[in-house]
Asker: 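Take a look at the following structure, please.
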Amino acid sequence: DVAEQPAPAPLDGPTEESLQLVSQLKDCLSSCAVDVSTVWWEAAGSRELCVVTACESSVSLWKPLASDCWGKAHTWQLGEVPVIQLVPLPDTCSLVCIALGELEITEIRLLLCSSEDDSFRQSLVKTGTIEAVLGLKDRRLVSSSRALQEQQVEVVWLSETGGSKDRQTLMPPEETVLAFAEVEGMRDALVGTTAVNSVVVWNLKTGQLLRKMHVGYSYPASVCHRAYSDSGLLFVVLSHPHAKESKSYGNPAFRLVAFNPKTARSMGVMFSSLPPGHAGRQGDVTDTSAAAVLTSGAIAVWDLLLGRCTALLPPGPAGGWALARWATATATACLLAGRRDGTVCLYRY
Amino acid sequence: CSESDLGPISLNWFEELSAEAPS
């Protein structure tokens with residue numbers, strides 16, 4: 001039996017020691033980095049792990065050069081609608097997915113290089129008032145969108161050429177879905193978190209809404225990041241961007257919660273809180289590690305199974321950090337830390 | 001986590017809920 005653990009005090013002054021700077025890249029033309037990600041890219045028969053940086057009006061692909069340097073291979077110029085975020089597509093090569101919009105997402109596009117004539121192209125996948133989007137394994141994309149009073153939750157199968165091969169509608173819950181997470185190891189299971197603090201579970205094959213389970217009002221607007229099933233329980237990593245500070249738990253950032261899908265009962269397993277004196281966070285999770293940008297301009301890294309803050313990257317002389325993303329599809333954990341001026345630092349964790 | 005806290009646990013929860021849920 002495991003009870004929810006209050007987070008131990010962070011290590012005695014966690015520093016960047018557990019983060020090793022590998023390389024950094026700087027987009028001289030950019031002054032407005034909005035997101036950063038990694039993608040496997042195939043060219044001339046070889047496959048390389050590349051970095052993707054997004055500004056409001058363009059997205060750039062960076063290929064590895066000798067001695068930990070990066071060279072810009074291509075920049076896609078976008079239209080008038082600004083880029084809001086990059087949408088990683090797990091297990092996918094030579095395909096970049098982006099979400100565009102003003103305050104909310106209104107377009108999802110794919111960026112690619114045509115195999116026919118080696119020309120870099122972009123294609124439109126979806127338009128609408130889109131609340132949440134997530135790339136799934138096997139070149140699938142799930143999104144929730146609103147039209148009038150109706151909510152649509154849809155899975156799109158993407159083709160290698162940047163089109164959509166097929167679409168399936170999932171049964172929507174009554175409340176708005178704000179985030180999705182694949183259930184690892186279960187190809188047909190998907191979870192989502194809603195605007196009224198529920199975790200919902202779908203069967204992706206049939207489109208059925210299987211269960212709605214309440215998270216609790218202490219954690220408003222919880223966001224799911226990762227989910228896996230073990231021993232008949234569904235474990236979900238949630239972040240709590242708006243949770244209130246409490247005496248026993250401090251300022252909660254991430255929780256690992258075990259749900260019994262059969263009874264819809266839940267139990268907190270592990271709890272990670274912000275370092276003392278810090279507030280605000282925008283987080284990203286990979287495996288058992290979480291990272292978040294704090295309002296102080298620092299980046300905090302947690303071990304979610306220990307519930308402990310393991311590293312703190314302070315804001316540098318060039319200014320505070322603005323982005324923290326885990327690189328996808330790398331053998332070892334790699335953190336991408338970005339500043340608004342377009343500088344991206346790669347840290348091995 | 002124990003059954004006393006979370007209720008009866010089933011290893012086949014996904015298949016069982018799929019069989020019960022409206023399609």
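All chains are named by letter (A, B, ...) in the order of the sequence lines, taking the proteins before the strands, and each is independently numbered beginning at 1.
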Asker: Quick one: does Leu170(A)'s side chain get under 4.5 Å of Leu190(A)'s, heavy atoms only?
Answerer: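 Side-chain contact under 4.5 Å: yes.
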Asker: State, yes or no, whether a side-chain contact exists between Thr286(A) and Asp284(A) at a heavy-atom distance under 4.5 Å.
Answerer: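 With C-beta onward as the side chain, the pair stays apart.
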Asker: Would you list the atom pairs, donor with acceptor, under 3.5 Å between side chains in residues 230-240 of chain A and any protein atom, with sequence neighbours excluded?
Answerer:
unit_1	atom_1	unit_2	atom_2	d
Ser239(A)	OG	His225(A)	NE2	2.7
His240(A)	ND1	Ser222(A)	OG	2.9
His240(A)	NE2	Arg255(A)	NE	3.1

Asker: What residues of residues 128-156 of chain A sit under 4.5 Å from chain B when you count only heavy atoms?
Answerer: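 The stretch does not come within 4.5 Å of chain B.
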Asker: List for me each residue that meets ring-ring contact (aromatic ring centres under 6.0 Å, His included) alongside Trp326(A), sequence neighbours excluded, and say none if there are none.
Answerer: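 Trp326(A) satisfies ring-ring contact (aromatic ring centres under 6.0 Å, His included) with Tyr349(A) only.
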Asker: Using a 4.5 Å cut-off on heavy atoms from C-beta on, say whether the side chain of Trp157(A) contacts that of Ser164(A).
Answerer: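 No, side chains not in contact.
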Asker: Can you name the residues that form a side chain to side chain contact (heavy atoms under 4.5 Å, CB included) with Ser18(B), not counting sequence neighbours?
Answerer: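 Result, side chain to side chain contact (heavy atoms under 4.5 Å, CB included) vs Ser18(B): Asn203(A), Gln208(A), Leu210(A), Phe14(B).
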Asker: Check each atom of Ser229(A) against the heavy atoms of chain B and say whether the ones under 4.5 Å are side chain, backbone, both or neither.
Answerer: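 For Ser229(A), side-chain heavy atoms alone lie under 4.5 Å from chain B.
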Asker: Keeping Trp302(A) on the side-chain end and Thr310(A) on the backbone end, is there a donor-acceptor pair under 3.5 Å?
Answerer: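 Side chain of Trp302(A) to backbone of Thr310(A): no pair is present.
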Asker: Checking Val201(A) against chain B: side chain, backbone, both or neither under 4.5 Å from a heavy atom?
Answerer: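 It is the side chain, since no backbone atom gets that close.
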